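Below is one structure, written out as structure tokens; comments come after it.
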2 protein chains.
Amino acid sequence: MTTGAKSALSRDAVLDAAAGLVKRHGPGALTMRGLAAELGTAVTSIYWHVGGREALLDALVERTVADLGEIRPSGRTPERRVVSVALGLRRRLRDRPHLVALVHERGLTERMFLPAQRALVREAHAAGLRGARAAEFVRAVQFQVVGHVLVERNRERAPAQHPGEEELWGAETAGDDPALARALACPPDTEQLFLTAVGALVRSLLSAPGA
Amino acid sequence: MTTGAKSALSRDAVLDAAAGLVKRHGPGALTMRGLAAELGTAVTSIYWHVGGREALLDALVERTVADLGEIRPSGRTPERRVVSVALGLRRRLRDRPHLVALVHERGLTERMFLPAQRALVREAHAAGLRGARAAEFVRAVQFQVVGHVLVERNRERAPAQHPGEEELWGAETAGDDPALARALACPPDTEQLFLTAVGALVRSLLSAPGA
DNA sequence: ACCTGAACACCGTTCAAGT
DNA sequence: ACCTGAACACCGTTCAAGT
């Protein structure tokens, strides 16, 4: 009833094609004319169904956020459960790098975190945090997770960071710590780094006395 | 000798005007034709001096990174000194929000952290961390700081996060913690949040035994 | 209600031509 | 060596017109 089998153009069909284009070739590849060509219609039909490019991107972003779905914590201690939520969100975001970039560019980065927020509040309560302290905990984890994914995505996209860390840490810069120079000279294991950082943050915030 | 007083177009003059445009009206406002108009020359002159738009952006990004300058730690304990470095970098990045966005979009996010990296290594050593553990510490702080600034900048740019946290936490969603609902319903104090998060991460990583 | 082509005002870039 | 205008191939968007 909604998406006919052959050619009846619909709002959903337009959004599907647009999402496919972005997912495959990035947001830059989403042009009204290219999209129309992909759909086999005139450019102006898109305007009738979803409006201009801004409206199209808004709808795409809305869709992406909705598609993230629920996140169920796993593990026995609050710390483990929070880390599992963080890992789950990270995986979801990494699955749609281009769409996440779109959401970010359009200023809705925070909304990507909403599905995880309720779960996090529960864990904060389970760990004994309440009120403003619990809110601060949730926010800190939120910024940490989303921020990490943004930085991570960025590194993977940039093949050569010209005078990057690689040649900066050419073994003699580090004074007397060759192991450190070696570690900083090659790209980080971002998953391991994510685990370490989130774990450290959560451990610290769940155990600290009132600030 | 470099930038003549009146009209001699030079590479630096072009970059200056471009940086000004981006700083005032964002990267979207940087068009070759608009820039030429601002400079009072033909569009094609820009091509002769700095090349196409990509080359122009590359040069701008290079400039931004170079302008970040050195960061001197202050404070007595390693933890305080690391936090001071993080605060310093955050301030520098927040001073040039549009240019930072440019650097990020062009995949050079990490290079923005290089000026702080050496300082951080010193503090890691001072705190007794060495080798791979010290490198992991530096990386964790780096991702935390840059990521936080990216998320922060994003929130400030988005005026209305439609069904955002505000109405999600309408006091009854939070079970029995009205103070938490109230806290999550209004925008966070990002500076305070930054301090708390970085402090917690650093404390945890500087004190933990070998993983 | 749905779809169309023509037209407008913008882009970045190239190139042959000037001095 | 430096600067120019004309031209090309793209954009997003509007609008009057079709069915």
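Naming: A, B, ... by sequence-line order, numbering from 1 per chain. Note that the coordinates shown come from a computational prediction; the quantities given were computed from them, not determined experimentally. Atom set for the values below is all heavy atoms of this structure, side chains included, hydrogens, waters and symmetry mates excluded.
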### Task
Verify salt bridge (Lys or Arg N to Asp or Glu O under 4.0 Å) between A/Arg91 and A/Glu191, making sure each step is shown before the conclusion.
CA-CA 10 Å; A/Arg91 199 167 51 74; A/Glu191 172 141 16; over 6 Å; no
### Task
Could you check B/His148 against A/His148 for ring pair (Phe, Tyr, Trp, His ring centres under 6.0 Å), going step by step and ending with a plain yes or no?
CA-CA 8 Å; B/His148 189 105; A/His148 188 105; over 10 Å; no
### Query
Passes salt bridge (Lys or Arg N to Asp or Glu O under 4.0 Å), A/Glu70 versus A/Arg92? Steps please.
CA-CA 10 Å; A/Glu70 288 300 311; A/Arg92 278 167 174 73; over 6 Å; no
### Task
Decide yes or no on salt bridge (Lys or Arg N to Asp or Glu O under 4.0 Å) for B/Glu54 and B/Arg106, but give the supporting numbers first.
CA-CA 10 Å; B/Glu54 289 297 289; B/Arg106 294 187 74 71; 3.3 Å; yes
### Task
Could you walk me through whether B/Arg80 and B/Glu123 pass salt bridge (Lys or Arg N to Asp or Glu O under 4.0 Å), step by step?
CA-CA 10 Å; B/Arg80 292 244 187 101; B/Glu123 299 309 324; over 6 Å; no
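Take the nearest nucleotide of DNA chain C for A/Gly40 and for A/Arg33: the residue whose nucleotide is more 5' is A/Gly40.
When the side-chain nitrogen and oxygen atoms of A/His49 are compared with OP1 and OP2 of C/dC3, one or more of them lie within a distance under 4.0 Å. Proximity of A/Ser45 to the phosphate of C/dT4: a side-chain N or O atom is located under 4.0 Å from OP1 or OP2.
Evaluation of the side chain to side chain contact (heavy atoms under 4.5 Å, CB included) rule for A/Arg63 yields A/Asp12, A/Leu15, A/Asp16, A/Ala19 as partners, not counting sequence neighbours.
Summarising the geometry, the separation between CD1 on A/Ile46 and C1' on C/dA1 is reported as 18 Å, rounded to the nearest angstrom. D/dT14 atom P lies 7 Å from atom OH of A/Tyr47, rounded to whole Å. A/Trp48 places its CH2 atom 18 Å from the P atom of D/dT13, with the value rounded to the nearest Å. To the nearest angstrom, C1' of D/dG12 lies 12 Å from CG of A/Leu57. Atom CZ of A/Arg11 is separated from atom P of C/dC3 by 15 Å (rounded to the nearest Å). Here D/dG12 presents its P atom at 10 Å from CG of A/Leu56, a figure rounded to the nearest Å. Rounded to whole Å, atom C1' of D/dC11 lies 14 Å from atom CG of A/Leu35. One can place CG of B/Leu9 at 9 Å from C1' of D/dC2, the figure rounded to the nearest angstrom.
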### Task
With pairs defined as Watson-Crick or G-U wobble and both distances under 3.5 angstrom, please note down DNA chain D as a dot-bracket string, | for pairing with another strand.
||.|||||...|||||.||
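As judged by a 4.0 angstrom heavy-atom cut-off over every strand, B/Thr31 is placed among residues touching the sugar-phosphate backbone only.
Here the side chain of A/Arg53 is nearest to one of C/dT4, D/dG12, D/dG5, namely D/dG12. Of the candidates C/dT13, D/dG12, D/dT4, the closest approach to any side-chain atom of B/Met32 belongs to C/dT13. Considering only the side chain of B/Thr41, D/dT4 comes nearest among D/dT4, C/dT13, C/dT4.
Side-chain contact between B/Arg81 and B/Ser74 is absent, with no heavy atoms from C-beta onward closer than 4.5 Å. For the pair B/Pro73/B/Val82, no side-chain contact is recorded, criterion being any heavy-atom separation below 4.5 Å from C-beta on.
Near DNA chain D, defined here as any heavy-atom distance below 4.0 Å, there are no residues from residues 17-25 of chain B.
The CG atom of B/Leu108 lies 11.5 Å from the CZ atom of A/Arg155; values are rounded to the nearest 0.5 Å.
Ion pairing between B/Glu38 and B/Arg24 holds under the 4.0 Å rule for side-chain N and carboxylate O.
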